[in-house]
Every structure is written in structure tokens, then in C-alpha cells.
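In what follows, a structure is listed as C-alpha cells, so that the remarks can point back to it.
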Amino acid sequence: MAALMLTSEASRRGIGMTSQRTRERLIARLGAAGITHPDVLRVMRELPRHLFVDEALASRAYEDSPLPIGHGQTISQPYTVARMTQTLLEHGPCDTVLEVGTGSGFQTAVLAALVRRVYSVERIASLQERAQHCLRLLKVRNVRFRHGDGFLGWSDYAPYDGILVTAAPRGVPRALADQLAPAGALVLPMGEGDRQVLIRVTRTADGFDQRVLEPVSFVPLIAGVA
């Protein structure tokens with residue numbers, strides 16, 4: 001895979017196709033698509049997404065589209081990242097969040113800017129190492145990483161105020177639901193193929209409340225590690 005653009009202050013800020021003007025156009029599109037949370041929009045504007053993709057794809061980093069990151073995985077389109085984050089925070093701030101599927105680390109970085117602590121689990125070791133490198137460059141210090149099976153979550157630090165899953169299981173993994181704090185929210189894609197939907201599961205005094213949000217397309221959530 002091509003080297004990441006991590007070598008200079010200019011590349012961190014963004015130049016050419018990764019300029020601030022290009023980012024502002026993306027933020028305008030997100031607003032038009034229904035992203036209204038001011039802090040989510042602020043972070044999406046400020047975070048240099050081009051650092052999380054291959055150098056050859058940097059000119060496309062601020063398109064509202066997913067991009068490949070290797071191993072059959074993608075960095076989610078900005079709208080999807082913003083939508084899931086906004087949904088996680090819609091009933092108030094979260095203190096601790098579990099992320100299942102570190103991937104490129106972009107969603108991780110968005111969460112880290114908005115909550116006190118992020119615990120992120122990734123099954124593919126090389127992706128996790130690359131994501132850690134990006135977050136170190138950005139001086140993000142409130143994330144802990146684990147190479148592990150996302151279906152199992154990370155019970156050591158449970159319960160979580162929020163859980164965000166970046167790959168689609170067929171149903172809600174029981175271990176993840178069990179790791180939610182009272183009134184906590186689990187945001188995840190669910191289903192197979194073109195029948196996937198984004199859902200929000202809230203833990204209530206009586207159990208769990210599930211709300212379907214919109215159709216989505218994610219890679220499947222796979223058990224085990226690689």
C-alpha cells in the first residue's frame with residue numbers, strides 16, 4: 001500500500017485538493033443531508049481525512065464517498081461517519097465509548113474529539129497499527145486500542161455510554177448489548193447485502209429499545225482476528 005501523507009505540516013493542514021475550501025464544500029453537503037450537530041460538523045471540518053487514506057487517494061479524501069484502505073475494508077463516507085456520531089450523541093454527551101472496528105482510525109479520531117475516552121477494537125492487526133500511527137501524529141491521547149474480536153466487545157472497561165460498530169453483523173451481538181450502560185446507545189449497521197439498515201439500540205429499564213434509521217452499506221462484521 002502507498003505511504004500515508006504524514007511528513008509535513010502542510011500535508012497535515014491539507015493542500016491542493018485537500019484544502020480548507022474543499023473541506024467547506026463537504027461540510028455544506030453534510031449540512032444539506034441532515035447533519036445538524038454543531039460539534040460533529042466542527043470536528044468533521046477540522047479533522048484531516050486525507051491523512052487516513054493512501055497518498056494516491058488523497059485528492060478524493062473530501063468527497064462524500066467511502067474509499068478502500070486495504071484488506072477488503074473501507075474508510076466510511078463522511079456522511080456515514082457524521083450520521084453515526086450524531087446519532088450516538090443525540091441524547092447528550094457520552095463519557096466513554098466503545099468502537100468496534102478501528103479500520104482507518106478516522107471514525108476513532110472523530111469520536112476522540114467529542115468524548116472523554118474511546119476504546120477501539122480491531123480484528124486486523126496491520127490496520128490497527130496504521131490507525132495508531134495516524135492518531136499519534138494528530139496527538140490524540142484519549143484512545144485505547146485492542147487487537148481482538150469485535151463480537152466480544154471489550155468487557156474490561158464496560159459499561160459504556162455509547163457503542164459504535166463500523167461493520168455489519170446479521171443481528172445485534174449480545175455481548176455488545178450487555179456492555180451498554182443504563183440509557184446507553186448502541187449504533188450499528190445490521191443485515192446482509194443490500195438489506196442493511198442503520199439502527200440505534202438504547203438500553204432502558206425494561207430492556208432494549210431498537211430504532212431503524214436508514215439504509216446503509218457496510219462490510220460484514222467478521223468474528224476472530226487476523
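All values below were derived from every heavy atom in this structure, side-chain atoms included, with hydrogens, water molecules and symmetry-related copies excluded.
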Please determine whether side chain to side chain contact (heavy atoms under 4.5 Å, CB included) holds for the pair V97 and D161, giving the CA-CA distance in whole Å, both sets of side-chain angles, and the decisive distance to 0.1 Å.
CA-CA 6 Å; V97 170; D161 301 310; 5.6 Å; no
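Sorted by first and then second residue, the salt bridge (Lys or Arg N to Asp or Glu O under 4.0 Å) pairs involving residues 136-154 (not counting sequence neighbours) form an empty list. Listed by first and then second residue, the side-chain hydrogen bond (donor to acceptor under 3.5 Å, both in side chains) pairs that reach into residues 173-184 are R174-D178, sequence neighbours excluded. Among pairs with a residue in residues 152-197, those fulfilling ring pair (Phe, Tyr, Trp, His ring centres under 6.0 Å) read Y119-W154, Y119-Y157, Y119-Y160, W154-Y157, at least two apart in sequence or across chains. For residues 180-197, the set of pairs meeting the side-chain hydrogen bond (donor to acceptor under 3.5 Å, both in side chains) definition, not counting sequence neighbours, comprises R170-E192. Within the structure, ring pair (Phe, Tyr, Trp, His ring centres under 6.0 Å) pairs that include any residue of residues 174-226 do not occur (at least two apart or interchain). Listed by first then second residue, pairs satisfying ring pair (Phe, Tyr, Trp, His ring centres under 6.0 Å) with a partner in residues 73-111 read F52-F106, not counting sequence neighbours. Sorted by first and then second residue, the salt bridge (Lys or Arg N to Asp or Glu O under 4.0 Å) pairs involving residues 216-226 (not counting sequence neighbours) form an empty list.
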Hey, can you pull the donor-acceptor pairs under 3.5 Å for the side chains in residues 109-118, sequence neighbours left out?
from : atom 1 : to  : atom 2 : distance (Å)
R116 : NE     : D95 : OD1    : 2.9
R116 : NE     : D95 : OD2    : 3.3

Show me the donor-acceptor pairs within less than 3.5 Å that the side chains of residues 33-40 make with the rest of the protein, sequence neighbours left out.
from : atom 1 : to  : atom 2 : distance (Å)
H37  : ND1    : D39 : N      : 3.2
H37  : ND1    : V40 : N      : 3.4

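E46 is linked by a side chain to side chain contact (heavy atoms under 4.5 Å, CB included) to R42, counting only residues two or more places apart in sequence or in another chain. By the salt bridge (charged side-chain N to carboxylate O under 4.0 Å, His left out) test, R123 pairs with no residue at all, sequence neighbours left out. Not counting sequence neighbours, the partners of P66 by the side chain to side chain contact (heavy atoms under 4.5 Å, CB included) test are T74, Q77.
For the pair P189/M84, a side-chain contact is recorded, criterion being any heavy-atom separation below 4.5 Å from C-beta on.
For the residue pair G153 and L176, the shortest heavy atom distance occurs at CA-CD2, 3.5 Å. Smallest separation of non-hydrogen atoms from M190 and G171: SD-CA, 3.4 Å.
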